[in-house]
Amino acid sequence: MSTKTISPTVTDESMDVSPNWETDPSNTSIHGHREDGRTIAIHSLSVLPAYQRRGLGKTIMKSYNQRMETSGVADRIALLAHDHLVGMYESMGFEKKGKSDVRFAGGGWNSLTYEFAEYNPGS
Ligand SMILES: CC(C)(COP(=O)(O)OP(=O)(O)OC[C@H]1O[C@@H](n2cnc3c(N)ncnc32)[C@H](O)[C@@H]1OP(=O)(O)O)[C@@H](O)C(=O)NCCC(=O)NCCS
């Protein structure tokens, strides 16, 4: 599950919904999805317990990263992870940006981003 945000990392506001999301889809607040945002914020990645540790999570993320990069809709992907999954995301090309200020679910999150190489279909 993901949205776009104008912040370079996942924030509490980017996980929120825009104040008028039901009546006005052209969101200009810092809350919720921003169509003009250049960061794809991933809010959830889940594999059913019975299928975990078979390489599915890694395959999904690598495929998603590649598709989002070539689509040109953003400059990076950002997500939050607890300490035990930082290595997993680093092995997929994400870079740890330090501890996040996000307070969601008790806080203690690490902020990670995957920066796209400049995509230039014309060259
Ligand atoms: C996290 C999750 C998506 C990983 O999916 P998965 O299909 O089990 O992961 P993979 O089998 O592709 O494993 C990829 C790598 O991550 C490692 N890894 C997977 N789960 C891990 C865990 N719980 N702790 C530490 N490392 C883990 C694997 O060892 C593997 O490492 P390798 O590439 O060096 O072999 C899955 O465990 C899940 O849905 N967990 C519950 C929800 C959750 O925590 N989501 C992440 C929120 S940030």
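Both ligands and their constituent atoms are indexed starting at 1 by order of listing.
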Ignoring angles and geometry beyond distance, decide whether Val47 reaches within less than 3.5 Å of ligand 1 through its nitrogen or oxygen atoms. yes
Of the choices Met88, His84, Lys58, Glu90, which has the non-hydrogen atom that lies closest to atom 33 (O) of ligand 1? Lys58
What part of Leu80, side chain, backbone, both or neither, has a heavy atom within less than 4.0 angstrom of ligand 1? backbone
Right, does atom 45 (N) of ligand 1 have protein non-hydrogen atoms nearer than 4.0 Å? yes
For the student: nearest non-hydrogen atoms of Val102 and Val10, plus distance: CG2-O, 3.4 Å
Protein heavy-atom partner closest to atom 7 (O) of ligand 1 - residue, atom, separation in Å: Gly57 N, 2.7 Å
Identity and separation of the nearest protein heavy atom to atom 22 (C) of ligand 1: Arg53 NH2, 3.1 Å
Does atom 2 (C) of ligand 1 have any protein heavy atom closer than 4.0 Å? no
Aromatic ring pairing Phe94/Tyr89, orientation class (parallel under 30°, perpendicular over 60°, tilted between): perpendicular
Looking at Gln66, I want to see if its CD is surrounded by more than 12 non-hydrogen atoms of other residues, nucleotides or ligands under 6.0 Å. no
Using a plain distance cutoff, I'd like to know if Ser91 has any nitrogen or oxygen under 3.5 Å from a nitrogen or oxygen of ligand 1. no
With a 4.5 Å cut-off on side-chain heavy-atom distances among I, L, V, M, F, W and Y, is there a chain of contacts connecting Trp109 to Leu112? no
Locate the shortest heavy-atom distance separating Asp16 from His31; write the atom from each residue and the value. OD2-ND1, 2.9 Å
Hey, which atoms in ligand 1 end up nearer than 4.0 Å to a heavy atom of Arg54? 11 (O)
Can you tell me which residue and heavy atom of the protein come closest to atom 11 (O) of ligand 1, and the distance to 0.1 Å? Gly55 N, 2.8 Å
Shared hydrophobic cluster for Phe104 and Leu79 (ILVMFWY, side-chain gaps under 4.5 Å): no
Protein heavy-atom partner closest to atom 42 (C) of ligand 1 - residue, atom, separation in Å: Leu45 O, 3.7 Å
When you compare ligand 1 with Leu85, is there at least one nitrogen or oxygen pair between them that comes in under 3.5 angstrom? no
Identify the closest protein heavy atom to atom 38 (C) of ligand 1: which residue and atom is it, and at what distance? Gln52 NE2, 3.3 Å
Is the ring pair His82/His84 parallel, tilted or perpendicular, if the boundaries are 30 and 60 degrees? parallel
Between Asp12 and Arg103, is there a donor-acceptor pair closer than 3.5 Å when you use the side chain of the first and the backbone of the second? yes
Determine, step by step, whether Arg76 and Thr39 satisfy the side chain to side chain donor-acceptor pair (under 3.5 Å) criterion, reporting the C-alpha distance in whole Å, the side-chain angles of both residues, the deciding distance to 0.1 Å, and the verdict. CA-CA 5 Å; Arg76 71 189 62 77; Thr39 302; 2.8 Å; yes
What part of Tyr89 sits under 4.0 Å from ligand 1 if we count only heavy atoms: the side chain, the backbone, both or neither? side chain
Do you see a protein non-hydrogen atom under 4.0 Å from atom 19 (C) of ligand 1? yes
Can you confirm whether more than 12 heavy atoms, excluding those of Asp101, are under 6.0 Å from its CG atom? no
Can you find a protein heavy atom closer to atom 31 (O) of ligand 1 than 4.0 Å? no
Residue-level breakdown please: for His82 versus ligand 1, do any non-hydrogen atoms fall below 4.0 Å on the side chain, on the backbone, on both, or on neither? neither
Is the NZ atom of Lys99 crowded by more than 12 outside heavy atoms at less than 6.0 Å? yes
